[in-house]
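Read the structure below first, then the notes.
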Amino acid sequence: MARQLTDLLSGLNDAQREAVTAVDGPILVVAGPGSGKTRVLTHRIAYLIEERGVGPDEILAVTFTNKAAREMRDRIERLLGRSAEGLVMGTFHSFGVRLLRQNPGLVADRLGILPNFLIYDDADQVEVAKRAIVAVGLDPKQLAPRRMLSRISAAKSLLVSPEEFAQQTETYDDEVVARVYREYQRTLRKANAVDFDDLLALPIQLFDEAPASLARYQERFRYILVDEYQDTNRVQYVLVSALAARHRNLFVVGDPDQSIYGWRQADIRNILDFEKDYPDAKRIHLELNYRSTRRIVDTADRVIRENTQRIDRRLRTENDDGEMVAVRELADQNHEAQFIVGEIRRLVRTGNLSGDDFAIMYRTTAQSRVLEEAFRVSDIPYRIVGGVRFYDRKEVKDVLAVLRLLHNPADDVSLGRIIDNFPLGRGFGPRALDTVSAWAAQNGVPTLEGFLSLAPGARPPAPPPQLSGSAKTAAQRLGTVFARLQEEAGQLTLASLFDAVVERTGYKESFDHDKEEEMQRYANVMELRADLEKYDLLEPEDALPTYLEQVALVADVDAMDDDGRGRVTLITLHSAKGLEFPVVFIAGVEEGLLPISRAIEAEFHDPLPMEEERRLFYVGITRAKKLLYITYAGSRVTYGRFQSSVPSRFLANIPDECVRSLGRRPFDRDRSAGRLQDRVRVGLEPARSTAPVPTPAAWRPTASYQPAQRVFHPKFGEGVITDVTNRGGDQELAITFARHGAKRLIASLAQLDLIS
DNA sequence: AAGAGATTTATTTTT
DNA sequence: TAAATCTCTT
C-alpha cells in the first residue's frame with residue numbers, strides 16, 4: 001500500500017499533488033497547456049481507487065474525445081496494475097447514450113423513444129432539416145438548411161424546447177426557425193431517431209420526468225471528473241451539476257485560454273463562474289509547462305496575452321530555450337506544402353526524427369488537399385485526421401443505410417437514401433415515394449411498411465398503396481427484398497447479413513470492375529465488412545445496435561491511433577487540441593484563414609470570435625514540444641481563383657527574441673496585419689482597403705538563378721535549371737522538370753522557389 | 001424516370 | 001476547382 005502511494009504521487013509537483021489528493025468537495029483546476037493535467041486526472045482516479053477505497057463504479061470521468069477516454073483508462077489500469085472495471089469514462093455524448101440505453105422503459109414511456117433508436121449524424125440532420133423546411137411550406141433553397149440546423153442546435157444546447165423557442169421569437173427569422181425546429185423535432189421522433197444534441201438533452205428530460213432515476217445516479221457517482229471544462233456548454237453543465245448535486249465531489253479541469261468551441265455553444269462562463277456555483281470550491285493552478293521549449297512557451301504566452309477576455313496569468317517553463325520559432329513566407333499554397341515536405345524530409349534525414357514526430361495543423365479542412373497531394377508524391381507516409389470520415393463515404397453510408405433500416409424500420413432518411421442510390425430503387429421516383437409516404441401517414445405506420453405491404457404473402461393493415469408501371473414493380477421488388485432481409489437479420493452474423501445485403505440489393509453488381517475509382521469504392525465497402533466481423537463476438541442481438549452506435553459516435557481523432565506509426569499527421573487546429581508533437585507546422589497563418597474571415601467581419605460588433613481565433617492559434621503553438629514552424633502564403637487559390645493574402649495579425653505578437661525568418665526575405669512584421677491594425681486604431685487609414693497588398697511580381701525576390709539549382713514550380717513541380725540567359729534585369733531559365741519535361745521560363749514571372 | 005449536360009455553389013471549426 | 005444541383009430531353 002505504502003509503496004503504491006509513493007508511486008502514485010512521486011514525480012508530481014506540489015500543485016499536481018494537491019489536485020490528486022484533494023479528495024472531497026468541488027475542485028477547479030486551471031491547467032495551462034502541457035502542465036500535466038492528464039497526469040493529474042489519471043493519478044487522481046487511481047488514487048481514489050487505491051488509497052481511498054472508492055469503487056471504480058462510483059467514479060464518472062468525462063473527456064472530450066473517446067480517444068482521450070481510452071488512453072486515460074489504459075493509464076489508470078497501468079497505475080493500478082489491474083482492470084478498472086466499472087469506471088465510467090467517456091465523452092458526454094457516449095455517457096448520454098448510456099443513460100438512455102440503461103433506462104429503456106422510462107425512455108420509451110416518458111420520452112417516446114424506443115430502444116432501437118438511431119443516432120442521426122450530420123448529413124442525416126441536414127436531410128431532416130430539409131424535410132422539415134418543406135413540411136412547413138418553405139423552400140430549402142432559400143433557407144439554407146445548415147443555418148436552420150445551427151440555430152436549432154444552439155437552442156437545444158441551451159435546453160430551449162421548440163415550444164419555448166416559439167414563445168420568445170423576436171424577428172420574422174426567429175419565427176421561421178421556430179416552425180422548422182418544431183417540425184424537425186417531430187420528424188426525428190417519427191423516425192425514432194435522435195441527434196447529437198438530444199443525447200445530452202434527453203437524459204436531462206428523463207431526470208425531470210423520473211427524479212428517482214436521477215437520484216440513483218446521484219447516489220452512485222460519488223466522484224465526478226470533467227476534462228476540458230472550458231468547452232462545455234449549457235446542457236453539459238446542467239447534466240454535470242445535476243449528477244454532482246448529491247455528493248458535490250466535482251472535479252473539473254480546464255483552461256479558459258484553450259476554449260475554442262464557442263460556435264458549439266461552449267460557454268466559457270462555466271469555468272469562470274465555477275466558484276460562484278460552488279463557493280466552497282478549491283482552486284488549483286497548474287502553470288508550469290513541461291511540454292515545450294522556453295521559446296515556444298514564451299511565444300504562446302505573448303500571443304494569448306493580447307486577448308482582453310481572459311484571466312491574466314503567465315505561462316512559464318523551466319525547459320531549455322530550444323530552437324527559434326521558424327516563420328516562413330511562401331509564394332503560394334503549393335510552395336507552402338513543398339516547403340513543409342522538404343523540411344520534414346531534411347529533419348528526418350539529419351535530425352533522427354521519424355514521421356510520427358511531425359504534425360501539420362491548419363484552420364480549415366480545405367487546406368489539407370494541397371498538403372496531402374504534396375505528401376502523396378513525396379512518398380512520406382501521412383495520415384489525415386478529419387476531412388471525410390470512413391463512415392461518411394458515400395458507398396459506406398449506403399450499406400449502412402440498409403443496416404440501419406433493418407435495425408429501425410422507421411428510419412425514413414435511410415430509406416430515402418436506399419431508393420436514391422441502390423439499383424433496388426431504380427424506376428421508383430419522387431412522385432411514387434410521395435404516394436407511399438402518404439399511404440404510410442394515413443395508416444400511421446413507417447414508410448417502409450408501404451413497400452412491405454406489396455411483397456408477396458404480406459398481410460398489410462390496409463389495401464396497399466396504389467402504384468402503377470415501373471414504380472409498382474420497383475416497390476414490390478424492394479418490399480420483397482426487405483421482408484426477407486428482416487427475417488434474416490435476427491439470425492445471421494453481421495458479416496453474413498452484410499453479404500446478404502450487398503447481394504440481394506444488387507449493390508455489389510453496381511460497381512464497374514473496369515473502373516479504378518469504382519473498384520476503390522468497392523474496396524471500401526469490403527473494408528466495412530471486415531469492420532463488421534469484429535462485432536460478431538458480441539451477442540447476436542447486441543451486435544448491430546452496438547455497431548451502429550459506435551459508427552455514430554466515433555470522432556475523427558478517435559480513429560487516429562490505428563496504424564499511426566511512422567506517419568506525419570495532418571490535422572485541423574480544432575482536432576489537435578489535447579495532442580502534442582515534437583515538431584509542429586502551422587500552415588496558412590494569414591488574414592482570412594487564421595483569423596478566419598468571419599471573425600474579421602464580426603470584429604466591429606463582436607470581438608469574441610476574434611479572440612477565439614487567437615486562442616486557436618495558441619492551441620496550435622502549444623502543441624509543439626521542440627520545433628515550431630509557422631508558414632503563410634503570399635497568395636492562394638480559393639474557389640479556383642488566385643487571391644493574394646496578408647500575413648496574420650497574430651504574427652506581430654511573436655517576440656523577436658523567439659523567432660527567425662527562413663528564406664531569402666526576412667519576415668516582415670510591418671506587413672502583417674497586426675501593424676495595420678495599429679494604424680487603423682489611430683485613424684490614419686481605413687481598414688484593409690488601403691492595406692498594401694503586395695502584388696506577386698512586386699515582392700517576389702529578384703534572385704539570380706544559376707544552372708544546377710533545384711527549383712519548385714506551382715504547376716510543373718520539381719525541376720533543375722539547365723541553362724540561364726540574362727535579359728536586362730531579368731533571366732530566362734531553361735528548366736527540366738521531373739514530371740513535365742523541359743520548359744523555358746522568365747524568372748520574374750515564373751513562381752519559382754529554390755529547394756535545398 | 002433517367003441520364004446528359006449546364007450551372008451554381010462552396011470553405012470554419014465537430015461530438 | 002470540384003462537387004453538388006438543376007434543366008432539359010428522351
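By convention in this document, chain letters (A, B, ...) are assigned in the order of the sequence lines, proteins followed by strands, and residues within each chain are numbered from 1.
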Between protein and nucleotides 3-7 of chain B, what N or O pairs are separated by less than 3.5 Å?
none

Dump every N/O contact between nucleotides 8-15 of chain B and the protein below 3.5 Å, one line per pair.
| residue | atom | partner | partner atom | Å |
| --- | --- | --- | --- | --- |
| B:dT12 | OP1 | A:R598 | NH1 | 3.4 |
| B:dT12 | O2 | A:R363 | NH1 | 2.9 |
| B:dT12 | O2 | A:R363 | NH2 | 2.1 |
| B:dT13 | OP1 | A:T365 | N | 2.6 |
| B:dT13 | OP1 | A:T365 | OG1 | 2.5 |
| B:dT13 | O4' | A:R363 | NH2 | 3.3 |
| B:dT13 | O2 | A:W263 | NE1 | 2.9 |
| B:dT13 | O2 | A:R363 | NH2 | 2.7 |
| B:dT13 | O2 | A:H574 | NE2 | 3.4 |
| B:dT14 | OP1 | A:T572 | OG1 | 2.8 |
| B:dT14 | OP1 | A:S575 | OG | 3.1 |
| B:dT15 | O3' | A:H93 | ND1 | 3.4 |
| B:dT15 | O2 | A:H93 | NE2 | 3.0 |

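Under the 3.5 Å distance criterion, the side-chain polar atoms of A:Q230 are left unmatched by any main-chain donor or acceptor of A:I271.
Looking at A:D198 and A:R189, a side-chain N of the basic residue comes within less than 4.0 Å of a carboxylate O on the acidic one, giving a salt bridge.
Remark: A:R101 CZ is packed, more than 12 non-hydrogen atoms of other residues, nucleotides or ligands lying under 6.0 Å away. Remark: A:R234 CZ is loosely packed, at most 12 non-hydrogen atoms of other residues, nucleotides or ligands lying under 6.0 Å away.
Judged as a side-chain hydrogen bond (donor to acceptor under 3.5 Å, both in side chains), and not counting sequence neighbours, the contacts of A:Y382 are A:E372. Qualifying side-chain contact (heavy atoms from CB on, under 4.5 Å) partners for A:E612, counting only residues two or more places apart in sequence or in other chains: A:W263, A:R615. Qualifying salt bridge (charged side-chain N to carboxylate O under 4.0 Å, His left out) partners for A:R369, counting only residues two or more places apart in sequence or in other chains: none.
Donor-acceptor pairing under 3.5 Å is recorded for the side chains of A:S94 and A:T91. Under the 3.5 Å distance criterion, with hydrogens and angles disregarded, no donor-acceptor pair is assigned to the side chains of A:S648 and A:E590.
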(message) Just to be sure I follow the notation: if a pair is Watson-Crick (purine N1 to pyrimidine N3 plus N6-O4 or O6-N4) or a G-U wobble (N1-O2 and O6-N3), each under 3.5 Å, what dot-bracket string does DNA chain B give, with | for pairs to another strand?
(response) ||||||||||.....
